[in-house]
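Okay, so here's the structure we're looking at.
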Amino acid sequence: MCNSQFLSPLPTPQTMLQYPNLEQALKYYFGYDSFRPGQRQIIEAALQNRDLLIIMPTGGGKSMCFQLPALLKEGVTIVVSPLIALMQDQVETLRKNGVAATFLNSSLSQYQVRSREEYILAGKVKLLYVSPERLVSERFLPFLDLIKEKIGFAGFAIDEAHCVSEWGHDFRPEYNQLILLRKRYPDVPTWALTATATDRVRADIVKQLGLKQPSLHIASFNRPNLYYEVREKTKNAYSELLELIKENEASGIIYCLTRKKVDELTFKLNHDNISALPYHAGLSDEERTQNQTRFIRDDVRLMVATIAFGMGINKPDVRLVVHFDISKNLESYYQESGRAGRDGEPSKCILFHSFADVKTIEWLIDQKNEEQEKLIARQQLRQMIDYAEGTVCRRTIQLGYFGESFVGNCGTCDNCRFPKPMQDLTIDTMKFLSCVARCREKYGMHYIIDILRGAKTQKIIQNGHDKLSTYGIGKDKSVDEWRFLCRSLLHQGLLKQTTDGYSVLKLNELSWEVMRRQREVFMAVPIAQKVSVLKESTQLSAEAELLFQRLRNVRKQIADAQGVPPYIIFGDSTLKLMAQNKPKSKQDLSKISGVGSHKLASYGERFIAEIHRYLQENGISSTKSHGSPTDTELVTFEYHKQGLSIEQIAQKRNIRSTTVIRHLSDLIEKNHPVDVKMLVPKEKLQKIWQVLDILGDISLTPIKEYLGDSYSFDEIRLVRGKWRHEGKK
Ligand code: ADP
Ligand code: ZN
């Protein structure tokens with residue numbers, strides 16, 4: 001590794017004086033204009049040397065919470081990160097921003113390690129990423145002492161801190177030894193970060209890392225930029241999937257339950273000319289790494305995968321996550337679908353739900369050995385089904401699962417956008433709840449429904465429940481209707497269910513209010529409807545979209561030349577802003593969010609040059625003497641330049657050919673280099689021109705009468721546009 005890896009103007013306390021306000025520092029190093037919710041308070045606490053426990057959803061912007069303090073404080077910040085891929089990605093991202101960051105892990109040679117260590121001790125590194133096993137090794141601890149003595153520590157950031165907990169989903173024993181840091185360097189603040197939300201894991205983190213009165217920051221788990229939708233998986237599911245894929249030209253992940261399904265679906269997609277690669281545990285390590293890299297670098301658009309894919313994937317511009325099969329539980333669904341839109345741009349999460357898939361998962365659960373494990377898995381599956389069949393806001397259900405309440409219309413889920421009609425179900429609810437009460441709150445949903453419907457099961461007879469006053473009073477409703485009612489009551493909090501795996505129904509204060517007729521119950525009636533996917537409101541105009549795609553190409557070229565993923569150069573959000581605002585100078589460019597000082601210097605010119613070229617080719621100059629072309633005209637023009645005929649453009653854009661001709665003739669007048677020769681045969685062009693010279697600028701009809709039937713209005717209109725334009729010169 002050459003020395004150029006350490007690029008930053010090293011921040012010192014002077015730098016801090018130079019950027020007395022945190023926003024300025026954020027802009028200088030990272031190019032962002034403002035903090036995401038919570039970031040500022042966290043960074044302030046870090047600068048005050050407090051211990052921190054930061055819980056934020058994926059994409060919330062956790063890294064910034066220790067990266068900016070690391071730059072503003074004196075000393076080295078040690079970042080503990082569990083996966084080599086994550087480490088490399090973060091270091092690469094930082095270095096592209098000119099920040100002195102490096103990592104030490106098993107992928108390096110002895111020589112590389114030694115030279116990096118020298119750099120660190122020379123005070124040339126602000127952030128050092130290390131794996132937990134290296135950090136606590138006998139060989140490494142003396143090195144830490146040396147850093148402490150020569151440079152000092154700014155803080156210890158423990159990323160993916162849930163790995164310390166056996167209750168978390170990826171426990172790593174090495175994480176448990178990290179307490180060593182606290183014991184050895186008691187005064188250095190520790191910053192723990194995770195996206196895992198459960199209380200148990202949180203408590204474990206505080207204990208296992210020995211955090212001292214940590215400043216606790218729990219961000220909302222709501223991801224407002226994600227659109228959630230559940231579709232019934234019908235025979236048409238595959239063509240619906242194709243439609244979804246074609247709708248947006250960006251990266252996507254499609255999750256399937258089994259390897260076999262992954263392979264089949266990849267094959268089908270490839271057959272339909274869609275660029276997709278598979279990812280599952282059945283592939284060799286090499287194949288998996290290769291497929292993943294091609295996805296991250298935008299060489300392939302889609303990853304078709306089992307849930308083996310995703311851990312440690314930092315790709316922020318995934319725009320679509322489809323679960324072609326249902327997930328095993330809501331937490332996994334949240335995490336997997338949450339890989340969409342980490343950069344905060346609108347992205348879609350679509351779940352295809354079918355009864356057959358549920359059966360497959362039930363079968364998988366039955367293969368487990370432990371009874372307790374089976375119980376929990378079944379309960380979790382049930383919550384997942386509740387989500388899929390739910391008629392209330394998808395966010396309300398998801399966030400409720402994490403103990404967060406979300407009320408109102410979110411506007412970005414299918415149930416909120418296409419609400420189903422409401423029905424007064426107070427009487428039916430009273431029947432159901434009183435049956436639960438009469439059974440002394442000891443049974444689950446199915447049993448209660450059996451009683452209501454007057455089933456003659458052995459269990460009911462044995463318990464004498466056929467003598468209850470509620471026995472058989474619900475025959476008018478089907479089992480499915482009762483199940484739907486019960487689930488809605490649970491969602492609305494009008495009834496509770498134990499979480500011990502047995503799902504026993506329990507009444508609460510609200511249930512009694514309903515039974516005392518103090519509360520009415522309304523529910524959305526489920527109706528089968530095909531929900532069409534809406535275009536996002538924040539989409540670029542058609543014209544800006546063209547420039548956006550060109551800027552993406554520039555980004556890809558730079559990224560390929562440097563062997564890094566494109567998003568490390570600039571994020572999609574930044575490119576979109578460029579496409580919209582069309583900055584013409586470096587100064588204009590520096591105002592765009594995501595363009596920091598270092599990136600401005602490294603790539604500014606390439607992007608400005610491309611914007612210039614685009615503006616020129618499309619005849620958009622700063623002096624718009626003849627009025628500016630409309631967006632739709634510019635799209636037509638782009639196709640015209642590609643050599644498409646009028647009919648081809650009309651077909652491609654789904655507009656009439658007369659409209660295309662009007663666009664082109666208007667564009668000519670507006671100073672655009674439309675090639676009339678391509679559209680009108682030369683002899684005809686000359687003839688029309690002559691006639692115009694003779695007759696002057698009159699309406700089309702007399703000109704056509706003069707020329708005869710072999711000349712069309714379209715041809716005359718186009719040539720007249722050119723003629724008018726020439727006349728103006
Ligand atoms: P997490 O680790 O919480 O999943 P990251 O730290 O990877 O999230 O951040 C997600 C994305 O948000 C990254 O692309 C990052 O550059 C971006 N980001 C972070 N902070 C800001 C900010 N203040 N303004 C704009 N983008 C930000
Ligand atoms: Zn909603």
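Whatever order the structure lists them in is the order used to number ligands and atoms, beginning at 1.
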Considering only NZ, NE, NH1 and NH2 on the basic side and carboxylate oxygens on the acidic side, decide whether [X] and [Y] come within less than 4.0 Å.
| X | Y | answer |
| --- | --- | --- |
| Lys315 | Asp89 | no |
| Asp33 | Lys591 | no |
| Lys556 | Asp560 | yes |
| Lys27 | Glu23 | no |

By number and element, which atoms of ligand 1 are closer than 4.0 Å to a non-hydrogen atom of [X]?
| X | result |
| --- | --- |
| Pro57 | 3 (O) |
| Phe35 | 23 (N) |
| Thr58 | 4 (O) |
| Ser34 | 22 (C), 23 (N), 24 (N) |

> When rounded to the nearest 0.5 angstrom, what distance separates CZ in Arg40 from CZ in Phe35?
Replying inline: 6.0 Å
Using a distance-only test with no angle check, is there a side-chain donor-acceptor pair under 3.5 angstrom linking [X] and [Y]?
| X | Y | answer |
| --- | --- | --- |
| Ser220 | Glu404 | yes |
| Ser347 | Arg319 | yes |
| His217 | Gln41 | no |

Considering only protein heavy atoms, which is closest to [atom], and at what distance to one decimal place?
| atom | result |
| --- | --- |
| atom 6 (O) of ligand 1 | Ser63 OG, 2.7 Å |
| atom 14 (O) of ligand 1 | Pro316 CB, 4.1 Å |
| atom 27 (C) of ligand 1 | Tyr32 CE1, 3.4 Å |
| atom 11 (C) of ligand 1 | Arg342 O, 3.6 Å |

> Quick check, are the ring centers of Tyr334 and Tyr401 under 6.0 angstrom apart?
Replying inline: no
Geometric N/O contact [X] with ligand 1, under 3.5 angstrom:
| X | result |
| --- | --- |
| Asn314 | no |
| Arg36 | yes |
| Gly61 | yes |

> Does ligand 1 have an atom that lies less than 4.0 angstrom from a heavy atom of Gly60?
Replying inline: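 It does; at least one heavy atom falls under 4.0 Å.
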> Does some non-hydrogen atom of Gln39 fall short of 4.0 Å from ligand 1?
Replying inline: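 Yes.
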> What angle, in degrees and rounded to 10°, do you get at the Zn ion (ligand 2) when you join it to SG of Cys393 and to SG of Cys413?
Replying inline: 120°
